[in-house]
Number of protein chains: 2
Amino acid sequence: MTTRWLDPDQQLAWRAYIVGTTLLLERLDRDLRDNHQVSLPEYEILVRLSEAPERRLRMAELADSVKNSRSRITHTIARMEREGLVDRAQCDSDGRGVNAHLTDAGSQRLVAAAPCHVESVRACLIDLVAADDVAAVGRVFAAVADELGTGDRDPILSPASA
Amino acid sequence: MTTRWLDPDQQLAWRAYIVGTTLLLERLDRDLRDNHQVSLPEYEILVRLSEAPERRLRMAELADSVKNSRSRITHTIARMEREGLVDRAQCDSDGRGVNAHLTDAGSQRLVAAAPCHVESVRACLIDLVAADDVAAVGRVFAAVADELGTGDRDPILSPASA
DNA sequence: CGGAAATAGTTGATGGTTAAATCACCTTGG
DNA sequence: CCAAGGTGATTTAACCATCAACTATTTCCG
């Protein structure tokens, strides 16, 4: 089976994506850290918790919603708990379960950071390009997430010959 | 100054991008590690070196081309050298400089991994969406890289009021 | 020439991430 | 009811990334 290489345009698009994403995520992370003492992953967690009913979410739900491993969520929440941004409580209905809960301090941190973060996202991405292109990015990564989201990994690779 | 929040479409596009990118990069990394014992960052380095004249690049050039810190490149190249994928030599024209050089083993590793990697990229992104949308992604992140690439960070944030 | 300042790269400590093993609880079949 | 297996979450150790400090070389400029 001969490899279907990327054509020059695809190649260019792919590399731009990798490089741009590296720079973008690093920049957003730095802005949040420098100005509001939260990392980007922590910020994502604050957002999910703030949107959840009762401001609380099971650890596994949280992990799924931000696409992090269980273990990573455990460590990250442990750090955030030390900082007072969240607290933990046993789940009533399932003795194994743990609810992560956004504290007032965590909520305040999020409220303080959000405007700054949105401006970063605008300045570094949204306001930089045509609205249609933003929509296209949305379509593309929704498709990617849909393809990869439902943990059904092929053993090796799907050669997917056209 | 009142915050210009993202409108619902932008919000959706942005979250799809974050989630999709998280899943995509993790998947590509996993495929490379499992099948060819290289991480995605290491693979990027192999590619850059293979394309460079004489298959060698100064450490700083390498760092810039993959948008990694100098220190990270030092550590990563050290690991790759231990594995025999690259070697290092003093630069003739500048006594401070060091050239990273792709070995035959490194070249072979890349040749072995490339088809698999390209298939991953196709299966998880390129072949999943319309060609126009891939082009749009390319435009968007080229603009992002252009904006962020030239290390001229604003001190806090550019409010960039429209 | 001589010394200050800039540049290339490395190092070591520190903290975050991962994989594998573990603990606790729940569920199901006998 | 109880044992076996499954699931939720945490822990451990190894690994990788980051930051600040450091060495060595070069450049600038008096």
Side-chain angles (χ1 to χ4, degrees), chain A residues 21-23 25-34 37-45 49 56-83 85-101 151 153, chain B residues 21-23 25-34 37-45 49 56-83 85-101 151 153:
Chain A
T21 291
T22 302
L23 290 168
L25 296 183
E26 194 221 294
R27 169 62 167 271
L28 295 177
D29 189 64
R30 179 152 309 282
D31 282 345
L32 282 171
R33 282 179 195 277
D34 289 354
Q37 295 72 53
V38 223
S39 70
L40 182 55
E42 285 165 356
Y43 180 88
E44 303 271 330
I45 287 173
L49 288 179
R56 70 182 67 238
L57 239 35
R58 292 282 295 270
M59 296 296 272
E61 291 176 316
L62 196 46
D64 290 347
S65 80
V66 297
K67 264 66 193 177
N68 283 349
S69 71
R70 307 280 165 100
S71 173
R72 184 171 173 179
I73 286 292
T74 295
H75 287 300
T76 305
I77 289 292
R79 261 173 274 136
M80 293 174 78
E81 190 175 27
R82 256 175 259 132
E83 272 202 87
L85 302 177
V86 300
D87 51 29
R88 277 191 272 210
Q90 283 300 116
C91 179
D92 288 341
S93 54
D94 185 336
R96 300 164 301 180
V98 170
N99 278 307
H101 171 244
R153 293 195 54 209
Chain B
T21 291
T22 302
L23 290 168
L25 296 183
E26 195 221 294
R27 170 61 168 270
L28 295 176
D29 189 64
R30 172 73 42 79
D31 281 345
L32 282 171
R33 282 179 195 278
D34 288 354
Q37 295 73 53
V38 224
S39 69
L40 183 55
E42 285 165 356
Y43 180 87
E44 303 272 330
I45 287 173
L49 288 178
R56 69 182 68 239
L57 239 35
R58 291 283 295 271
M59 295 297 273
E61 292 176 315
L62 196 47
D64 290 348
S65 81
V66 297
K67 263 66 194 177
N68 283 349
S69 70
R70 308 280 166 101
S71 173
R72 183 170 173 180
I73 285 292
T74 293
H75 286 302
T76 305
I77 289 292
R79 259 174 276 137
M80 293 174 78
E81 190 176 25
R82 254 175 260 131
E83 272 203 87
L85 303 177
V86 301
D87 51 30
R88 276 194 271 213
Q90 282 301 117
C91 178
D92 288 339
S93 55
D94 186 336
R96 300 164 301 182
V98 170
N99 278 307
H101 171 244
R153 292 195 53 209

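So that the names make sense, note that chain A is the first sequence line, chain B the second, and so on, each numbered from 1. Please read all numbers here as calculations on a predicted model, not as lab measurements.
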Are the side chains of B:Lys67 and A:Glu26 in contact, using a 4.5 Å heavy-atom criterion?
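Of all side-chain heavy-atom pairs linking B:Lys67 with A:Glu26, none is under 4.5 Å.
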
Do B:Leu85 and B:Ile45 come within less than 4.5 Å of each other through their side chains, counting heavy atoms only?
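When only atoms from C-beta onward are counted, B:Ile45 and B:Leu85 do not touch, as no gap falls below 4.5 Å.
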
Heavy-atom nearest pair, A:Thr74 first then A:Met59, reads CA-CE, 3.9 Å

Between A:Asp29 and A:Leu40, is there a donor-acceptor pair closer than 3.5 Å when you use the side chain of the first and the backbone of the second?
yes

Non-neighbouring partners of A:Glu81 that pass salt bridge (charged side-chain N to carboxylate O under 4.0 Å, His left out), sequence neighbours left out
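Scan of A:Glu81 (salt bridge (charged side-chain N to carboxylate O under 4.0 Å, His left out), adjacent residues dropped) gives A:Arg88.
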
Which residues satisfy the salt bridge (charged side-chain N to carboxylate O under 4.0 Å, His left out) test with A:Glu83, sequence neighbours excluded?
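If we apply the salt bridge (charged side-chain N to carboxylate O under 4.0 Å, His left out) test to A:Glu83, skipping adjacent residues, the hits are A:Arg109.
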
Any residue meeting side chain to side chain contact (heavy atoms under 4.5 Å, CB included) with B:Arg72, in chain and number order, not counting sequence neighbours
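Partners of B:Arg72 under the side chain to side chain contact (heavy atoms under 4.5 Å, CB included) test: B:Pro41, B:Asn68, B:Ser69, B:Thr76.
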
Qualifying residues under side chain to side chain contact (heavy atoms under 4.5 Å, CB included), relative to B:Glu61, sequence neighbours excluded:
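Scan of B:Glu61 (side chain to side chain contact (heavy atoms under 4.5 Å, CB included), adjacent residues dropped) gives B:Leu57, B:Arg58.
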
Spell out protein contact along nucleotides 11-24 of chain D as letters: B when the base is contacted, S when just the sugar-phosphate is, - when no protein heavy atom is under 4.0 Å; keep the 5' to 3' order.
BB---SSBB----B

Remember a base hit wins even if backbone is also touched, and classify B:Asp94 as base, sugar-phosphate or nothing at under 4.0 Å, heavy atoms.
sugar-phosphate

Start and end of the DNA chain C segment that chain A contacts, any atom under 4.0 Å from a heavy atom:
C:dG16 to C:dC26

